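So the structure is just underneath, and the comments pick up after that.
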Amino acid sequence: TEAAQDARNFVAAYHGVRGSLKPQNTIFYGPTGIGKSAFENAIAAHLQIGKVPVYVLKGDLFAQALQTNVKKSVDELKRVFFYTLMHGGALMIRDLDALLGTRYGSRYTIVEGVVLSELQRIKEEPSTWLIADTQFIGRIPEALLNAHRIGKHREVPLETGQIGIEQIIKALVRKIDRERFQKPKPLEHAEVETEYPIDYKSLALKIKNRGGMIPAQIERLLREEMEF
């Protein structure tokens, strides 16, 4: 796969193999349960086999710490970037939108400033590579999603046989339902089913038989099924 090739390229670049080029900083995106962490763990395992250090920064835990002590948390964030740049290796940021605060409808300006400057340095340093993930690519500031910082944006596909496909379908059905202005508002505390009965198991099987689909493709399929 492309991700596996990127990992191989970075191993070569990290060890200074002549002619090797490290991959662009990369962000994986997709809803909860789609397998982003498993995808990244596979990349990390490949890097570690190639004797490349891997550092992990969890955005949700950082956001919690930030609420307690802003200065200490920001200093720790800077140390993580400094250590990565000093020693080389791959830095994985889980839940980048949580780290930036955009997941919660706010924006940690001081954190965003640190990330903007440090990601550009990681991009320019041949022995460092950033891998991030987010549920919501639309909540990542545009200033980060460019060739100077995070140049590669990859939607994680639903692989054949992966569990949780039915849950993804149900989440997308709810999203489509919310767009239906003619749908009556539900009573308080009441569960309201979609107007169109959805055969979740049949749809999940159809997706698996196609070898996996990204959420945008699943949504198009659902809209066809619901005649939206």
Side-chain angles (χ1 to χ4, degrees), residues 3 6-7 10-11 13-14 22-48 51-156:
D6 282 349
F10 183 63
V11 169
Y14 176 81
K22 77 164 189 175
Q24 288 183 302
N25 290 338
T26 302
I27 186 166
F28 295 102
Y29 64 97
T32 300
I34 201 170
K36 297 185 297 296
S37 295
F39 213 72
E40 291 164 345
N41 289 340
I43 294 174
H46 190 99
L47 295 176
Q48 289 169 336
K51 301 187 185 307
V52 174
V54 178
Y55 317 103
V56 178
L57 178 59
K58 296 184 177 181
D60 55 345
L61 296 181
F62 173 83
Q64 291 174 25
L66 193 71
Q67 301 303 315
T68 304
N69 190 319
V70 174
K71 184 179 186 305
K72 182 178 179 181
S73 299
V74 172
D75 286 345
E76 185 60 31
L77 179 64
K78 291 177 180 178
R79 276 194 290 272
V80 170
F81 280 113
F82 176 80
Y83 193 90
T84 303
L85 286 160
M86 178 67 68
H87 298 279
L91 173 60
M92 289 189 166
I93 301 182
R94 299 279 170 83
D95 298 312
L96 179 59
D97 55 305
L99 182 136
L100 296 169
T102 53
R103 171 179 293 185
Y104 312 109
S106 57
R107 199 161 177 171
Y108 305 147
T109 307
I110 187 170
V111 174
E112 186 176 326
V114 171
V115 174
L116 280 168
S117 62
E118 297 298 339
L119 288 194
Q120 186 159 359
R121 294 176 65 195
I122 285 178
K123 163 68 172 59
E124 295 167 354
E125 172 54 53
S127 66
T128 58
W129 182 29
L130 175 98
I131 304 162
D133 71 51
T134 180
Q135 296 176 33
F136 314 103
I137 191 72
R139 294 183 184 174
I140 304 301
E142 287 294 328
L144 286 174
L145 301 177
N146 58 48
H148 299 295
R149 294 181 177 89
I150 305 177
K152 185 176 289 188
H153 318 140
R154 297 196 59 201
E155 187 168 17
V156 177

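For reference, positions follow the sequence shown, starting with 1. Just so you know, these numbers use all the heavy atoms, side chains as well, and skip hydrogens, waters and symmetry mates. Since the model is a prediction, treat every value here as computed from it, not as a measurement.
- Nearest approach of Y14 to P53, heavy atoms of both residues: OH-CD, 3.4 Å.
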- For the pair T68 and Q64, evaluate side-chain contact (heavy atoms from CB on, under 4.5 Å) and give the outcome as yes or no after the intermediate values. CA-CA 7 Å; T68 304; Q64 291 174 25; over 6 Å; no
- Dump the intermediate steps for side-chain contact (heavy atoms from CB on, under 4.5 Å) on L57 and L77, then the final yes or no. CA-CA 9 Å; L57 178 59; L77 179 64; 3.4 Å; yes
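- Under the salt bridge (Lys or Arg N to Asp or Glu O under 4.0 Å) criterion, R149 pairs with no residue at all, not counting sequence neighbours.
- The backbone N or O of Y29 lies less than 3.5 Å from no partner atom in the side chain of T134, so there is not a single donor-acceptor pair.
- Side-chain atoms of R139 come within 3.5 Å of backbone atoms of R103 as a donor-acceptor pair (strictly under, hydrogens ignored).
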- Message: Does V80 form a side-chain contact (heavy atoms from CB on, under 4.5 Å) with F62? I'd like the steps, not just the answer.
- Response: CA-CA 12 Å; V80 170; F62 173 83; over 6 Å; no
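- The backbone N or O of G30 sits less than 3.5 Å from a side-chain atom of K36, completing a donor-acceptor pair.
- Going from atom CD1 of I93 over to atom CZ of F81 covers 4.5 Å, rounded to the nearest 0.5 Å.
- Taken to the nearest 0.5 Å, the CG atom of L66 stands 12.5 Å off from the CG atom of L61.
- Here I150 contributes atom CD1 and Q120 contributes atom CD; the two are 12.5 Å apart, rounded to the nearest 0.5 Å.
- With values rounded to the nearest 0.5 angstrom, K22 atom NZ is found 7.0 Å from E125 atom CD.
- Residues G89 and T84 come closest through the heavy atom pair O-CG2, 4.1 Å.
- Enclosure of atom NE2 in H148 is not indicated, since only 12 or fewer non-hydrogen atoms of other residues, nucleotides or ligands lie within 6.0 angstrom.
- We find that K71 and D75 are joined by a salt bridge, their nearest charged nitrogen and carboxylate oxygen being less than 4.0 Å apart.
- Put simply, CG on L96 and CD1 on I131 are 13.0 Å apart, with the number rounded to the nearest 0.5 Å.
- Note that the CG atom of L130 and the OG1 atom of T26 stand 8.0 Å from one another [nearest 0.5 Å].
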- Task: In sequence, state the C-alpha distance, the side-chain angles, and the governing distance for W129 and N25, and then conclude on side-chain contact (heavy atoms from CB on, under 4.5 Å).
- Result: CA-CA 6 Å; W129 182 29; N25 290 338; 3.8 Å; yes
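- Within a 6.0 Å sphere centred on CD1 of I110, heavy atoms belonging to other residues, nucleotides or ligands number 12 at most.
- I140 places none of its side-chain heavy atoms less than 4.5 Å from the side chain of H153.
- With salt bridges taken as basic N to acidic carboxylate O contacts below 4.0 Å, none links E124 and R121.
- Under the 3.5 Å distance criterion, the side-chain polar atoms of D95 are left unmatched by any main-chain donor or acceptor of A98.
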